[in-house]
Amino acid sequence: MIVELTGEQLKIAETQLIRFLPRSQPVYGYLVLTNRVRLDPVKVLADRWPDFSVIVCKPQCEQKGDLFKDTLVFANDEPILKETIRKSSVIDWTRYFCLGINLRHEDIFKAVAAEKGVSSSKLAVCHMMILEDIGNLPSIDSSGISVSSLDESHVGLVNQTWKFGKSGEAARMIRNMLANFPSCCVLDAEGKPVSWILTYASCAMGMLYTLPEHRGKGFARVLVSAMAKKLHTQGYPVYCFIEEENMLSYRLFKNLGFIEDPSYRETWFGFNDL
């Protein structure tokens, strides 16, 4: 029986997911934010309660082209996962959706998609980098650098520079991120952002970007450190996703004390009815 979690159940689920870290990190991070700030409407479903094996965070009002309302899944029992996602009340296979899952579950989702006559495309495979101890951050000299937060007036700037941006759907997601989640930026002498980092709905830090003319000044190191401290202070997990081919960012976060479980990869798929 599928259970939609609400209220106190969401808080209990957040606590229970801690024992499954790091595999539960994205769904855990999503619930951490869900229980504290305003998110877009989302249904949190479990295969049963309270002894769940599967939790699905499913945004509402999904539509084709809306790549940025990810459905996130945690599972510690693959047969139960397969039976759970077959149910139309959990996954609507007749509509486009973007899915974030542990790479080890790829074959299960592809098998069920094939049963439903649905095609899939792999969008990204990422390292999940976690800062387990804020004390592992190296000392960074930020003297002379003005660090602040972004606000909704910067939506267009972030949207135009994000590799997946330049669309109305991306702009709506970024606006929600800037209004409700932590962010950090470096300001120039005129008070304009020249480098920035945001927080996704899964509580992962991301969208790290520095304008080309301001690169090589160490701004990324300053911002990752500042954001890590801000997230930690607010009681949020400190982690990020880095695409496998992005070795520059991988080395940056590793040098700042972030670690990964080499057996774990998070992957994103787009599913569409044939």
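Just so it is clear, the structure is predicted and the values come from calculations on it, not from any experiment. The analysis underlying the following values was restricted to heavy atoms, covering all of them including side chains, and did not include hydrogens, waters or symmetry mates.
- The heavy-atom pair separating C185 from L150 by the smallest distance is CB-CD2, 3.8 Å.
- L45 contributes atom CG, which lies 8.5 Å from atom CD1 of I91 (distance to the nearest 0.5 angstrom).
- A 4.5 Å side-chain heavy-atom check between V186 and S146 finds every atom pair outside the cut-off.
- Contact of the N76 side chain with the F52 side chain is not registered, since no non-hydrogen atoms from C-beta on lie closer than 4.5 Å.
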Exercise for the section: Walk me through it: do I242 and F258 pass the test side chain to side chain contact (heavy atoms under 4.5 Å, CB included)? Expected result: CA-CA 12 Å; I242 299 173; F258 286 71; over 6 Å; no
Exercise for the section: Kindly indicate, with the supporting measurements, whether the criterion side chain to side chain donor-acceptor pair (under 3.5 Å) is fulfilled by R48 and S53. Expected result: CA-CA 8 Å; R48 59 184 185 272; S53 295; 3.2 Å; yes
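- The number of heavy-atom neighbours closer than 6.0 Å to CD of E132, taken from other residues, nucleotides and ligands shown, is 12 or below.
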Handout entry: Verdict with reasoning, D151 to L178, per side chain to side chain contact (heavy atoms under 4.5 Å, CB included)
Key = CA-CA 6 Å; D151 59 45; L178 296 185; over 6 Å; no
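- Among all heavy-atom pairs drawn from L10 and T34, the shortest one is CD1-CG2, 4.2 Å.
- Rounded to the nearest 0.5 angstrom, T161 OG1 and L211 CG are separated by 7.0 Å.
- Side-chain N or O atoms of N159 include none that pairs as donor or acceptor with a backbone N or O of V155 at under 3.5 Å.
- Of all heavy-atom pairs between P22 and M128, the closest is O-CE, 3.1 Å.
- Using a 3.5 Å distance cut-off with no hydrogens or angles, the side chains of R19 and S24 do not pair a donor with an acceptor.
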Practice task
Evaluate the side chain to side chain contact (heavy atoms under 4.5 Å, CB included) criterion for residues L31 and L5: first the C-alpha distance (whole Å), next the side-chain angles of each, then the deciding distance (0.1 Å), finally the verdict.
Solution key: CA-CA 11 Å; L31 292 188; L5 306 185; 5.8 Å; no
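- Hydrophobic cluster membership is shared by I140 and L137, with clusters built from Ile, Leu, Val, Met, Phe, Trp and Tyr side chains linked at under 4.5 angstrom.
- With contacts defined as side-chain heavy-atom distances shorter than 4.5 Å, the pair Y200/D70 does not qualify.
- Here M1 contributes atom CE and D47 contributes atom CG; the two are 12.0 Å apart, rounded to the nearest 0.5 Å.
- Note: the hydrophobic cluster containing L72 also contains V3 (ILVMFWY, side chain heavy atoms under 4.5 Å, direct or indirect links).
- Under the 4.5 Å side-chain heavy-atom criterion for ILVMFWY residues, a single connected hydrophobic cluster contains both I18 and I12.
- In the displayed structure, K11 atom NZ is contacted under 6.0 Å by at most 12 heavy atoms of other residues, nucleotides or ligands.
- A side-chain donor-acceptor contact under 3.5 Å links K58 to the backbone of V90.
- Residues M207 and I174 meet the side-chain proximity criterion, which asks for heavy atoms closer than 4.5 Å.
- For the pair S202 (side chain) and G29 (backbone), a donor-acceptor distance under 3.5 Å is absent.
- In terms of hydrophobic clustering, with Ile, Leu, Val, Met, Phe, Trp and Tyr side chains grouped at heavy-atom distances under 4.5 Å, V125 and W268 are assigned to different clusters.
- In this structure, the salt bridge (charged side-chain N to carboxylate O under 4.0 Å, His left out) partners of E190, at least two apart in sequence or on a different chain, are K192.
- Counting only heavy atoms from C-beta outward, the side chains of R104 and R23 approach each other to under 4.5 Å.
- Between R265 and E260, the closest side-chain pair of non-hydrogen atoms falls below 4.5 Å.
- Taking the six-membered ring where tryptophan is involved, the planes of Y239 and F241 are perpendicular, since the angle between them exceeds 60° and thus also 30°.
- At least one side-chain heavy atom of E14 sits less than 4.5 Å from a side-chain heavy atom of V32.
- In plain terms, the two heavy atoms of A46 and I55 that are nearest each other are CB-CG1, 4.3 Å.
- With rounding to the nearest 0.5 angstrom, the OG1 atom of T71 is 6.5 Å from the CG atom of L99.
- The heavy-atom pair separating I80 from D77 by the smallest distance is N-OD1, 3.1 Å.
- Ring geometry, F74 versus F20: the interplanar angle falls from 30° to 60°, so the pair is classed tilted.
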Problem - side chain to side chain contact (heavy atoms under 4.5 Å, CB included) assessment of K110 paired with S120 - result: CA-CA 7 Å; K110 283 188 172 181; S120 65; 4.2 Å; yes
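- The SG atom of C240 sits 7.5 Å away from atom CD1 of I197, with the distance rounded to the nearest 0.5 Å.
- Using a 4.5 Å cut-off on side-chain heavy atoms (C-beta onward), F164 and L123 make no contact.
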Problem - Steps toward ring pair (Phe, Tyr, Trp, His ring centres under 6.0 Å) verdict (W162, Y209) - result: CA-CA 8 Å; W162 187 39; Y209 187 84; over 10 Å; no
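- Linking Ile, Leu, Val, Met, Phe, Trp and Tyr whenever their side-chain heavy atoms come within less than 4.5 Å leaves L103 and V54 in two separate clusters.
- The CD1 atom of I85 sits 5.0 Å away from atom CG of L81, with the distance rounded to the nearest 0.5 Å.
- The two atoms that bring P59 and V42 nearest to each other are N-CG2, 3.8 Å, heavy atoms only.
- E115 pairs by the salt bridge (charged side-chain N to carboxylate O under 4.0 Å, His left out) definition with R86, not counting sequence neighbours.
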Practice task
May I have the step-by-step check of ring pair (Phe, Tyr, Trp, His ring centres under 6.0 Å) for F269 and F109, ending in yes or no?
Solution key: CA-CA 10 Å; F269 287 89; F109 276 87; 8.0 Å; no
Under 3.5 Å, side-chain donor or acceptor atoms of residues 219-236 against the rest of the protein: list the pairs with distances, not counting sequence neighbours.
| unit_1 | atom_1 | unit_2 | atom_2 | d |
| --- | --- | --- | --- | --- |
| K230 | NZ | S149 | OG | 3.0 |
| K230 | NZ | S183 | O | 2.7 |
| T233 | OG1 | K229 | O | 2.8 |

